[in-house]
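Down below is the structure, laid out as structure tokens.
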Amino acid sequence: MNLGCKIESIGVRLPEKTVTTFEIVNRLRKSKPFKLELITGISERRVCSDNEDTLSLALDASLDCLKYSGREGKDIDMIISTSITKYVNGLTHQYEPAISFCIKQGLGNTRALTFDITNACAGMMTGVHIANNFISRGIIENCLVVSGEYISQISNNAEKSITSPKHPEVACLTVGDAGAAVILSRSENSEDRLLVSDMYTFSEFSALCVGYQSRKYPGAVMKTEMQRIHEVSIEYAPPLIKEALVKAGLRMKDIDFLIPHQTSITAIRSGANHFSRYFGETPGEGVINLSNTGNTASTTHFATLYKYLKEKRIDKGSKIMLLSFASGLVIGITIFSVYDLIQKYGNSN
Amino acid sequence: MGTVIKSVSFAKSGLSRGMLNLSKRSAGVCLKRAGLDISKIGLLINTSLYTENHLSEPALAAMILNKLQAGTTPDKIISTGKGRVFSFDLHNGGGGIINAIQIIDGFIQSEEIENGLIVSGDSKPADSIEGNYIYPDGTGSILLSHDDGIAGFTAFFSATFPEFSDDFRSIIEWGTGKFKFEISRSRDYLRNCVECAYSSVNKFLRNENLSYEDIDLVFTSRSPAELARDLQKNSALGDKIVINGNDEFYSSGFISSLTKLFYNSKFKAAKYILFVSVGAGITVSLALYKNR
């Protein structure tokens, strides 16, 4: 049995509180301020207040997603929580119960299969990959994939350690908090569905970005070989993208919106130039959504897609590619077309 | 077509210490027993709950793959069709293994992969922590493979019992200069786990048109540690339930028990084998395995 699986709705929760890049670089304890905003394109990011955490962001995003879906929480068949962080009540890491179970409870659901997965910044795309398999085989009718990412604590810790713009913790200064959720469901329409979902791990590069609990402060530390991980990502991705496009029966120029992982404007533009040379053509738009939210880790693709839907920038029948680069090294490619989705966000085109 | 258990392995802390080294050992032995190279694995899922240094990224699964020397390039994958692998971590308390089996079974059924590997274990999250962390280091591995016969996993079931959601909680937080680990467990947790597991098994067997007599062996998770013993005392499944011994292995407890029996005649003689995992929530997951 191979049924279709479509994106039914997307929901997002951004914390109210903002922190500017100017504030962050001026708080560095061991380094002079540097031009982080110019390099990254990030002016500000949202950060959790005292009453917000992984679970609250995930739950609020789920409720927003349900609102656009028209479903009730009790109707969800499977819930996959996909955040890197699992913080509740501040920076308390919860091992058990699973965050997905707490979301299930919060939604008043009594029947969903629940589990948490983590796959660094590829978490939500990994969840979509799993959901697509369950729905396409007819095991479930729908699935909520959700992530509440309270990741800004790594930026707070990095501010105390960074000694220069090339320090391994500089990437931590780009992150912001966000919750995002997506409901996937069975599709009767042969065009309105996921066309490709491919995920790969190239584990020989697993040490290029590593995050672990700080031994000095609450929260985590993340060390990244930024240049190397970027080089490997843009070298390895094109043949995999090409294969995904062939599977979908498309060319790069047929893609209306390519949404890459939102890291920095310099990295995204460098990647876009490389892809342009490789394919000899470009997608309709390479989407950049960094200025006000920064890098929101596993939520980045769906938070960006949500913004574009709300701004009515996406037309019916548009082909969208989500491209994930994550610690591991994980490369993920999801291609889909949108039909009913856009109307839920007020776009009739 | 089915998804069969090809091999299992378990590694206790000895000369090798820590999750990564133990994972390399148990997964390496598991692959060797099946005569399979790591390049044949299409999906690796790590279901370990407690890991050293409280690693948050990348997924530990990617680091385990690296330890097993998985490695190729996109061009080789596309030109040869070989070496494509994907990995992630899955957390569902002490009961994530059945979720991982169900996911791997799904990708095998849809013919996206031929073999999947599950690695599960625990390691002390930090060198110096306060609190009641008790689990010894240990890691187990299960290799699942496509099989053209009638054997394999035939059904899965999951149920949650939110009325007992406060019964068990496991957290770690930053204290004053030290990590504080805390497991809070209600006095009735074990009893509730047994009741939830038993009622879920009853419902599942009814759904599958099976009776207790049809089940030959039952493996349970080690969450809580006394689950197998109390389920044996309080259910009609009786001595079909495998008692795990006195070890306190948590995430890998399941595989520890399975490894002890998998290669002997008792497992081979069993027709229907039931896997039962219970975790905080209370969440019960079940899987039915039909032997050759």
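Reminder, nothing fancy here: chain letters follow the sequence lines and each chain counts from 1. Model, not experiment: these values are computed from the prediction.
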Which atom of [X] lies closest to which atom of [Y], heavy atoms considered:
X	Y	value
B:Glu57	A:Ile84	OE2-CD1, 3.8 Å
B:Gln102	A:Phe134	NE2-CE2, 3.8 Å
B:Ser56	A:Ala220	OG-CB, 4.5 Å
B:Pro58	A:Ala120	CA-CB, 4.5 Å
B:Thr160	A:Thr110	OG1-O, 4.0 Å
B:Leu90	A:Phe115	CD1-CD1, 3.8 Å

Which one of [options] has the most heavy-atom pairs closer than 4.5 Å to chain B?
options	answer
A:Ile117, A:Ile130, A:Thr118	A:Thr118
A:Gly123, A:Cys209, A:Pro218, A:Ala98	A:Pro218
A:Ser100, A:Ala237, A:Ser214, A:Ser81	A:Ser214

- Query: Do A:His129 and B:Phe86 make the cut of ring centroids closer than 6.0 angstrom?
  - Reply: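 Yes.
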Quick one: what part of [X] sits under 4.5 Å from any heavy atom of chain A, side chain, backbone, both or neither?
X	answer
B:Arg169	both
B:Ile77	side chain
B:Ser87	both

Given that the side chain runs from C-beta out, which part of [X] has a heavy atom under 4.5 Å from chain B: side chain, backbone, both or neither?
X	value
A:Gln105	side chain
A:Phe101	side chain
A:Glu243	side chain

- Message: Determine whether a donor-acceptor pair (N or O, by modelled atom type, separation under 3.5 Å) exists between the side chain of A:Thr201 and the backbone of B:Ala62.
- Response: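 Flag not set: sc A:Thr201 to bb B:Ala62 has no pair under 3.5 Å.
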- Query: So, the side chain of B:Asn92 versus the backbone of A:Thr114: is there a donor-acceptor pair under 3.5 Å, distance only?
  - Reply: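 Side chain of B:Asn92 to backbone of A:Thr114: a pair is present.
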Against chain A, work out which of [options] has the most heavy-atom pairs shorter than 4.5 Å and name it.
options	answer
B:Ala70, B:Ser170, B:Ser110, B:Ala280	B:Ser170
B:Ser158, B:Gly279, B:Ser165	B:Ser165
B:Pro162, B:Gly83, B:Gly42, B:Gly281	B:Gly281

Measure the [atom1]-[atom2] distance between [X] and [Y] for me, rounded to the nearest 0.5 Å.
X	Y	atom1	atom2	answer
A:Phe202	B:Asn66	CZ	CG	13.5 Å
A:Thr126	B:Ile103	OG1	CD1	10.5 Å
B:Leu60	A:Asn119	CG	CG	11.5 Å
B:Ile183	A:Glu96	CD1	CD	7.5 Å
B:Thr283	A:Leu113	OG1	CG	9.5 Å
A:Asp198	B:Arg84	CG	CZ	6.0 Å

- Can you list the steps and then say if A:Ile139 with B:Phe156 is a side chain to side chain contact (heavy atoms under 4.5 Å, CB included)? CA-CA 10 Å; A:Ile139 304 299; B:Phe156 297 91; over 6 Å; no
Looking at [X], I'd like to know if its [atom1] atom is crowded, meaning that more than 12 non-hydrogen atoms belonging to other residues, nucleotides or ligands lie closer than 6.0 Å.
X	atom1	value
B:Asp166	CG	no
A:Glu231	CD	yes
A:Lys160	NZ	yes
A:Lys247	NZ	yes
B:Glu111	CD	no

- Message: When you compare the side chain of B:Ile78 with that of A:Lys242, does any pair of heavy atoms fall below 4.5 Å?
- Response: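 No; the side chains remain at least 4.5 Å from each other.
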- Flag side-chain contact, heavy atom, 4.5 Å: A:Gln213 against B:Pro125: no
- Any side-chain donor paired with an acceptor under 3.5 Å for A:Asn133 and B:Glu112? yes
